[in-house]
Amino acid sequence: MCGLVCVGGTTKCGGNCVDTLLDGNYCGNCKTVCDAGEVCSVGVCGLECVGGTTKCGNKCVSTLIDASYCGDCTTACGPGEVCSGGACGLTCVGGTKKCGKKCVDTELDAGYCGNCNSSCGGGQVCSAGACGLTCVGGTTKCGGKCVDTLSDAGCCGNCNTACAGGEVCSGGGCGLACVGGTTKCGGKYVDTALDSSYCGNCNIACGAGKVCSAGACGLACVGGSTNCGLECVDTQVDPGACGNCETVCATEQVCSGGTCSLTCVGGTTKCGGKCVDTLVDIAYCGNCTTACTGGQVCSAGLCSLTCVGGSTKCGNKCADTALDVKNCGSCGVVCGAGEVCSVGLCGLTCVGGTTKCGLSCANTLSDPANCGSCGSTCVVGTACVLGACKPVSLFAAPIAAAGDKSCAFMGGGIIKCWGTNSYGQLGLGDLVNRGTAPTQMGNALLPVALGAGISAKTVAAGGEHPCAILSDDTVKCWGYNAAGQLGLGGAASRGSATIQLGDGLPSVSLGTDKSARFIAAGGEHTCAVLNDDSVKCWGSNGFAQLGLGDVASRGDGANEMGNLLKPVALGTGKTAKFISAGYRHSCAILNDDSLKCWGSNSFGQLGLGDIATRGDGPNEMGSAMVAVSLGVGKTAQAIATGLQHSCAALNDGSIKCWGNNSRGQLGLGNLVVRGDGPNEMGDFLPAVSLSAP
């Protein structure tokens, strides 16, 4: 029997096939006729067109794909042409497919859902190329179709908001420019890293069965994203596919850590309708409005060409491969469901002193996104130091004094030093003391020359040698160098001539891919915590202050630095969070909050109940090195080492000191040495009294 069969999403009304989404005579169904002056838009009569359509005469049309109204109401495509992206042509672009005489998005068009011959039934929508009752993949049901309200100019932010002419929808807001790292392709903003219709750029659409991941078409999603339909999404932060492809967060909620909630967790920040890590997200670098330009990565909240702070470039972002579940150990290694990444290994629990925050392990003593506790984020301009957010200027040791000199870390990364200058330790290119007359200070006191385009992040003052961590995470030291404390492979002092400073002053070689996080300068030695949380020390070692199992100095001869300089053995699984260098001894706070010291111990300054030096022979370091006993439940939050004594700030807010006390430096109201005999440490050691009894 012959009969009329309607295709392309049209409906049979009487003897005709009509589009009930747009036809004013059959609006929504075969029986509804719009009133005079009204138009039919997404199956509803009204005065205005919605859903991205434009009013042309008495009907609503999509000027992006309608060949009779291509780009505007007055342009019709010629014979054989189709309208794609608002322009007439012989082929469809932007991921659309030619179905009859028009280009359609078979991912979202209910009349051509999945292919040209498949249309959704009544009440159904097309989402990710499949008919259903609900929208998936982060799209929202607006009228009879699924739209991406983050980028759809007809439904921008919600179903009822259409952008004005010339505007585009980006991040759920109408505007004239792209934000959040999106790219303008035709009349909309798209994420070319994930959009299969515009993969890598506006002109590349992925083929059938392929998805767009990291800006490249492929058969599988990479970088920890999940294939939801034909789209790769980050189910940890995508409110349209939160935790899995089917879970859509409510309007007021965001997706954080794979769970719908009202607030962002895990150190992420709410930008528009989603949670992002502004420390590494190139679309929201440092804040919600800053996007990195082509070729740049976002590292520590700043756009740059390279990753800093020990992070690794994975694709177009910087990742901490020690903690990132999507790049665990190396780029592209994704941990399984329920696993976390800890010290570069996937597992069910966090190790190495880290804490499980959401789906990642964090060092709450130094992680600016989880400082002190999970979700406690340090604001821009502060750093996480021992579990507390502190202004960078304070964290960066604003003042350092040792020997007969002082140095100040000033705004803009400038260092100024004054006092004795017999070895060039003031870094001024001469041997003239500064600070003995008013005319030598103020603007007359010049900053230390560190090199072209280089500024300082922190400064430490040794006996007669200051050291600084620079803006590129390298280390430079200057001044007295008889024992190699400058780490330059010789014993010549630096700083007495201008040619020895600035670009003429080499940086300390710490090893391949090694940079410094903390720096400490002692009497005639220097120690640093590196970007892998290991410790390296160089300079004088007559009292084993370098912790290398011998008494040979390092850094005063060739082939002693860089990869040839061994890290201090702290024990199996032990790394350092902080380091302090005394006159002839060193102490480090470890990743389990224990405190270990090595070197000279003539007055018990190592806090081990005896006066035996540690680190000058085999089997004295590593797991054989006993931690300082501070008392039951007591751990060190900060450490400072002096001439022959040490002090620690404890987790209960108290301070304990031990070692030489000949001048009352332990603050105990007497002159008794502590730490050189049994029953003097731990709970036997009183805290320093700083308030009235």
Student: Answer yes or no: are there more than 12 heavy-atom neighbours, outside Asn563 itself, under 6.0 Å from its atom CG?
Tutor: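 Yes, enclosed.
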Student: Check this for me, if you would: do Arg517 and Asp473 make a salt bridge, where the nitrogen-to-carboxylate-oxygen distance has to be below 4.0 angstrom?
Tutor: no
Student: Heavy atoms only: give me the nearest Leu630-Ala636 pair and the separation to one decimal.
Tutor: CD1-N, 3.8 Å
Student: Is the shortest side-chain N to carboxylate O distance from Asp550 to Arg554 below 4.0 Å?
Tutor: yes
Student: For Cys537 and Cys527, what are the C-alpha separation, side-chain angles and deciding distance, and is it a disulfide bond (SG atoms under 2.5 Å apart)?
Tutor: CA-CA 4 Å; Cys537 299; Cys527 292; 2.1 Å; yes
Student: Where the side chain of Lys596 meets the backbone of Leu570, is there a donor-acceptor pair that is under 3.5 Å apart?
Tutor: yes
Student: Which is it for Leu650 and Thr635 under the side chain to side chain contact (heavy atoms under 4.5 Å, CB included) test, yes or no, and what are the steps along the way?
Tutor: CA-CA 5 Å; Leu650 308 187; Thr635 57; over 6 Å; no
Student: With a sphere of 6.0 Å drawn around CG of Asn559, does it hold more than 12 non-hydrogen atoms of other residues, nucleotides or ligands?
Tutor: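 It does not: Asn559 CG has 12 such atoms or fewer within range.
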Student: Hey, what do you get for Cys587 versus Cys597: SG atoms under 2.5 Å apart or not?
Tutor: yes
Student: Search all heavy atoms of Ala576 against all heavy atoms of Val529 and return the closest pair with its distance.
Tutor: O-CG1, 3.7 Å
Student: Kindly determine whether Cys242 and Cys260 satisfy disulfide bond (SG atoms under 2.5 Å apart), including the steps that lead there.
Tutor: CA-CA 7 Å; Cys242 190; Cys260 294; 3.9 Å; no
Student: Which atoms form the tightest heavy-atom contact between Lys566 and Lys536, and what is the distance?
Tutor: O-CG, 4.2 Å
